[in-house]
Protein chains: 2
Amino acid sequence: MRTTIREVAREAGVSPSTVSRALSMPGLVNSVTRERVLRAAQRLGYEPNRAARGLITGKTGNLGLIVPDLANPFFPSLVKGVQARAREADYAVFLADSDEDPAAESDLVRVLAKQVDGLILCSPRGREEDILTLAATTTLVMVNRRFGRVPSVVFDNSDGIGQAVAHLAALGHKRVGWVGGPRASWSDRDRIRALRAATAAAGMDLYVAGHFPPQFEGGVAAADLIVASGVTSVIAYNDVMALGLLGRLRDRGLRVPQDISVIGIDDIQMSSMSSPTLTTVSLAKEQAGRAAVDLLLSLLERPDGVRKPRRELPTQLLVRGSTGVAPTD
Amino acid sequence: MRTTIREVAREAGVSPSTVSRALSMPGLVNSVTRERVLRAAQRLGYEPNRAARGLITGKTGNLGLIVPDLANPFFPSLVKGVQARAREADYAVFLADSDEDPAAESDLVRVLAKQVDGLILCSPRGREEDILTLAATTTLVMVNRRFGRVPSVVFDNSDGIGQAVAHLAALGHKRVGWVGGPRASWSDRDRIRALRAATAAAGMDLYVAGHFPPQFEGGVAAADLIVASGVTSVIAYNDVMALGLLGRLRDRGLRVPQDISVIGIDDIQMSSMSSPTLTTVSLAKEQAGRAAVDLLLSLLERPDGVRKPRRELPTQLLVRGSTGVAPTD
DNA sequence: CCGAAGTTTGAAACCGATTGCAGAACCCTG
DNA sequence: CAGGGTTCTGCAATCGGTTTCAAACTTCGG
């Protein structure tokens, strides 16, 4: 059986109240008493019962994290960052995977919301009204999506895509293709907007292949459209899709990067292991996880005092083997 | 503010005790009263406060899951299985990633153990004594490791590796290489034992390349040893390493499977997307997660009544593009 | 029609912490 | 040295449920 505050109190010869104060509001108790209490607690290996504390303070010491699909390598990295930062702050993390299903997601949220102090939500395409009602009842940080006044952590897609387009332009490419992710995804909209602006500014032609599932198969499916369009370079919604592209292009007998250049977004592990290695817009995924926790914790501390409840993380183009000079035809 | 049991009691015109009973021990209350209580609860959207309940029952309704490295694609699948099954049983899951660090792991365990009813531990190389002390104080299920009387879920490595060896033998291979994972890993020991037995039985020569980190780079590092050894086929500790092998072999100008056949273990997503696609021993990872939760829950219900606190999951060789007939030289 | 047994319900104790309030001890000032 | 102000500590209430216990009410056999 675990030691309770009463036992520590007896051991130290004080009342439970004093023990509680010595531990959580040290300023309020005389230093010699405090010392005695701390030693007693140490001796007995005392650790306060979180449920009991939570009952009266209304805080659980837990955070919730909801991701759409843990099988997408983007998310494990994010989770790691959240984990690490939460642990430092002495919070534990509930993880839930919604399997890309917005309905399952709202269930998860409902269940989880009651057991946590705050929630980190990666919900690229949940309904806006759901998010609003949620934000009204829970402290919430969204990742990879910006919406109204809901606190969020996003990547600077504009900059990253700008770098990618500049890179392609420098290699002499005039026509670039875009392989889109889910239609409803905020990131997809943000990215294509950035791409439109960047290609226009660079005087390049843009061919949009459409929307595809954000998986390997999505990239495979898009490849033939890309080939038919006659572009010399292509940017994909994420790395997994870019790898799908690469695979299908190879099967079709095209050489990357001699015949066509390919760029992904995310910088997942596999992108440095494919052949050719994948040029990609690198996102600081773990850092995003940490930033989300930081933001969440500061919101918990002073609900309205956070000046700017938004973080935008930098992005960086990593040039690898899948991009080269435009073919001269 | 959330509705409490008292409000439901008032609404239904009964005492809080009756509400509690109506909800958790329905047999003890008169059916018309029960009905009235249930409707009142429904109307007010009542849900019992888990912290309060946990305080008196000693149960939290939470499970803990500790994995060594979420970046290894094996684990997200496992996590998904655990998640899904836990949700069905109305448990929430704390996830922690130990970053392959046994010391961090014991910390995590200590912190988590107090907030959960039971723990699922993937700790291929934690110290045996740590595991024993843990098992003594917590309800615990280990995954991918069998040790003493600690309840566990493992894969039938023998069978899977037997299938792989039989496949290679049928293709005419006489010499097979093994690219090992971490030295201290239980799975590694189990697999090489199985491999020794299978190759001996088939009259094949076995070359063991040694131990490598269970990552892409580990496979890369092993490749040259494998080439130098003159084997015509190789089995790797896991798919990620096998993909590393594939990459390095290609860089060295060897053709897979014409010059050398490669087999992985795990069946991660990427193994069907590489080129060539990877022949692999498929493990039912999600099923393992579900099985671990099932086992854990039955242990929680009747701590000593579980006949055989072990599950062994089947494995299945998937023949894909990376294996072919042995080269004739 | 009485007492025993069985059902159903509520009062109150309890889980393990935190915290408002009040009293005790001490310090300072005039 | 009285009186006001601090500082420190303990009592008791509280959070929101569960559970023990006993009372009240039924049912049933004899």
Side-chain angles (χ1 to χ4, degrees), chain A residues 1-42 44-62 90 92 111 113-117 300, chain B residues 1-42 44-62 90 92 111 113-117 300:
Chain A
M1 190 96 305
R2 296 192 30 201
T3 51
T4 77
I5 201 172
R6 260 166 269 274
E7 307 177 42
V8 178
R10 182 146 22 88
E11 175 86 5
V14 297
S15 79
S17 339
T18 303
V19 175
S20 173
R21 280 188 282 252
L23 263 41
S24 47
M25 342 175 68
L28 288 189
V29 5
N30 182 297
S31 60
V32 325
T33 332
R34 187 197 321 145
E35 198 51 40
R36 192 146 39 96
V37 169
L38 292 182
R39 267 207 307 279
Q42 175 79 42
L44 299 179
Y46 170 72
E47 290 228 21
N49 179 318
R50 287 204 176 210
R53 171 182 292 176
L55 192 50
I56 188 148
T57 61
K59 307 251 154 267
T60 62
N62 300 329
D90 204 26
V111 173
K114 279 172 306 223
Q115 309 189 54
V116 301
D117 297 337
L300 288 174
Chain B
M1 189 94 308
R2 296 190 33 200
T3 51
T4 75
I5 200 171
R6 262 165 266 274
E7 308 177 42
V8 179
R10 180 145 23 89
E11 175 87 5
V14 298
S15 78
S17 340
T18 303
V19 175
S20 174
R21 279 188 284 252
L23 263 42
S24 47
M25 343 175 66
L28 287 189
V29 5
N30 184 297
S31 59
V32 324
T33 333
R34 187 194 325 144
E35 199 50 41
R36 191 145 38 94
V37 170
L38 291 182
R39 268 207 306 278
Q42 175 79 42
L44 299 178
Y46 169 73
E47 290 229 23
N49 178 320
R50 286 206 176 209
R53 172 181 290 177
L55 193 50
I56 187 147
T57 61
K59 308 250 152 268
T60 61
N62 299 330
D90 203 26
V111 173
K114 279 171 306 223
Q115 310 189 53
V116 302
D117 297 338
L300 288 174

| request: Using the side chain to side chain contact (heavy atoms under 4.5 Å, CB included) rule, take A:Val29 and A:Val37 through it: C-alpha gap first, then chi angles, then the decisive distance, then the call. | output: CA-CA 10 Å; A:Val29 5; A:Val37 169; 6.0 Å; no
| request: State which of D:dG16, D:dG17, C:dT18 makes the closest approach to the side chain of A:Arg53. | output: C:dT18
| Residue B:Ile56, side-chain heavy atoms: nucleotide from D:dT18, D:dC11, C:dG16 that is nearest |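 Among the listed nucleotides, the one closest to the side chain of B:Ile56 is D:dT18.
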Could you check how far [atom1] of [X] sits from [atom2] of [N], rounded to whole Å?
{"X": "A:Asn49", "N": "D:dT14", "atom1": "CG", "atom2": "P", "result": "21 Å"}
{"X": "B:Ile5", "N": "D:dC15", "atom1": "CD1", "atom2": "P", "result": "14 Å"}
{"X": "B:Glu47", "N": "D:dG16", "atom1": "CD", "atom2": "C1'", "result": "14 Å"}
{"X": "A:Arg10", "N": "D:dG10", "atom1": "CZ", "atom2": "C1'", "result": "16 Å"}
{"X": "A:Gln115", "N": "D:dG16", "atom1": "CD", "atom2": "C1'", "result": "15 Å"}
{"X": "B:Arg2", "N": "D:dG17", "atom1": "CZ", "atom2": "C1'", "result": "11 Å"}
{"X": "A:Leu55", "N": "D:dC15", "atom1": "CG", "atom2": "P", "result": "9 Å"}
{"X": "A:Lys114", "N": "D:dG17", "atom1": "NZ", "atom2": "P", "result": "12 Å"}

| said: If I take atom CZ from residue A:Arg53 and atom NZ from residue A:Lys59, how far apart are they, to the nearest 0.5 angstrom? | reply: 12.5 Å
| Taking atom CG of A:Asn62 and atom CZ of A:Arg50, what is their separation to the nearest 0.5 Å? |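 These two atoms lie 6.5 Å from each other.
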| field | Note: B:Glu47-B:Arg2 ion pair, threshold 4.0 Å (strictly below) | value | no
| request: Could you give me the CA-CA distance, side-chain angles and deciding distance for A:Ile5 and A:Leu23, then say whether side chain to side chain contact (heavy atoms under 4.5 Å, CB included) is met? | output: CA-CA 10 Å; A:Ile5 201 172; A:Leu23 263 41; 6.0 Å; no
| field | Phosphate contact (C:dA17 OP1 or OP2) by A:Tyr46 side-chain N/O below 4.0 Å | value | yes
| message | Heavy atoms within less than 4.0 Å of DNA chain D: which residues of residues 17-40 of chain B have one? Give them sorted by number. | response | B:Ser17, B:Ser20, B:Arg21
| field | Expected output: side-chain A:Ser20 to main-chain A:Pro16 donor-acceptor under 3.5 Å | value |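 No; judged by distance alone, with no hydrogens or angles, the pair does not exist.
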| query | Please walk me through it: do A:Val14 and A:Thr33 pass side chain to side chain contact (heavy atoms under 4.5 Å, CB included)? | reply | CA-CA 8 Å; A:Val14 297; A:Thr33 332; 3.8 Å; yes
